Amino acid sequence: VCAGTLNGLSVTGDAQHQYQTLHKMYNNCEIVMGNLEIVLIDHTQDLSFLQVSQGNVGGNTAGRTHQADSPHCPQTIREVTGYILIAMNVFASLPLQNLRVIRGTQFYEEKFALFVLLNYNPNTTHALRQLGLNQLTEILAGGVYIEKNAQLCHVDTVEWRDIMRDPRLEPLVRDNGKTCAPCHESCGGHCWGPGPEDCQK
């Protein structure tokens, strides 16, 4: 269990400082008590500490010194009790493939449990391309807002109403990636990515 944050979009220091803070707080964490806020992280930063790396991706950095099959391998974030904020980052994918539940005990902007905004650099090709929340099946309270992520795919192919427990809320998903691969034919049109392993559960 680790503590979350309540900073919103106000960040202190540069991208390197943001990354070091994130690493210190969430390395080897399974349940975030509070909010998971990932803001202003560069494409060069290694976020694999947020989950067990299933292979040797890139160099051997701090937080990934254990093999995935080791009995002492790091824990991975499975639950966030508050909200998740993903904003102004330029990494390609979000390593939260084992996240199952967002409880929504706190909201971002008073009503959102998942808020994803402006995750691209207009001057380069670096951008968030996949949410990859393949195991996410429950948002117990609060809504979903995913907007202005220029290259983010497979967010309008997710049936958010199956995940959100509050039937009064409409998911706000607009102005994201335009040239996206279709879901795999086995997914019935609902997926987190283009492969057969990305079908929405």
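In this text the structure is predicted, and so the values were computed from the model without any measurement. In what follows, residues are counted from 1 in the order of the sequence shown.
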Please check this pair: side chain of [X] against backbone of [Y], looking for a donor-acceptor N/O pair closer than 3.5 Å.
| X | Y | answer |
| --- | --- | --- |
| T76 | N98 | no |
| T157 | G189 | no |
| N123 | N121 | no |
| D166 | R168 | yes |
| H23 | Q18 | no |

Would you compute the distance between atom [atom1] of [X] and atom [atom2] of [Y] and round it to the nearest 0.5 angstrom?
| X | Y | atom1 | atom2 | result |
| --- | --- | --- | --- | --- |
| D162 | E138 | CG | CD | 11.5 Å |
| L131 | L96 | CG | CG | 9.5 Å |
| M33 | R103 | CE | CZ | 9.0 Å |
| L9 | L85 | CG | CG | 5.5 Å |
| T21 | I41 | OG1 | CD1 | 8.5 Å |
| I38 | I84 | CD1 | CD1 | 7.5 Å |

Mind checking whether [X] and [Y] have side chains closer than 4.5 Å, heavy atoms only?
| X | Y | value |
| --- | --- | --- |
| L172 | I146 | no |
| Q135 | Q97 | no |
| V116 | L128 | yes |
| T137 | I163 | no |
| N119 | V90 | no |
| W192 | L133 | yes |
| H154 | C191 | yes |

>> Under the criterion ring-ring contact (aromatic ring centres under 6.0 Å, His included), I'd like the reasoning laid out for F107 against Y83: C-alpha separation, chi angles, the key distance, then a yes or no.
In response: CA-CA 6 Å; F107 297 149; Y83 62 75; 8.7 Å; no
Ignoring hydrogens, what is the shortest heavy-atom contact between [X] and [Y]? Give both atom names and the distance.
| X | Y | result |
| --- | --- | --- |
| E37 | G8 | OE2-N, 2.8 Å |
| D198 | C187 | C-SG, 4.4 Å |
| Q106 | L6 | OE1-CD1, 3.6 Å |
| A113 | A141 | CB-O, 3.3 Å |
| G4 | V32 | CA-CG1, 3.8 Å |

> Would you call E79 and R100 a salt bridge, using N to O less than 4.0 angstrom?
Replying inline: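 The answer is no: the pair does not qualify as a salt bridge.
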>> Taking E170 first and then R161, would you say they form a salt bridge - that is, a charged N and a carboxylate O separated by under 4.0 Å?
In response: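 Between R161 and E170 there is a salt bridge, with a charged N closer than 4.0 Å to a carboxylate O.
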> Is the Y145-F112 ring centre distance short of 6.0 angstrom?
Replying inline: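 Between F112 and Y145, which both carry aromatic rings, the centre distance is below 6.0 Å.
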>> Is there a disulfide bond (SG atoms under 2.5 Å apart) between C183 and C199? Walk through the geometry before answering.
In response: CA-CA 8 Å; C183 292; C199 297; over 6 Å; no
Are [X] and [Y] linked, directly or through other ILVMFWY residues, by side chains that come within less than 4.5 angstrom of each other?
| X | Y | result |
| --- | --- | --- |
| M25 | L22 | yes |
| W160 | L140 | no |
| V80 | V101 | no |

Check whether the side chains of [X] and [Y] place a donor and an acceptor atom closer than 3.5 Å, and report yes or no.
| X | Y | value |
| --- | --- | --- |
| N35 | T5 | no |
| N176 | D156 | no |
| H126 | T124 | no |

> Pick from R129, Q130, K178: which one makes a side-chain hydrogen bond (donor to acceptor under 3.5 Å, both in side chains) with Q151?
Replying inline: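 It is R129, the one option of R129, Q130, K178 that forms the side-chain hydrogen bond (donor to acceptor under 3.5 Å, both in side chains) with Q151.
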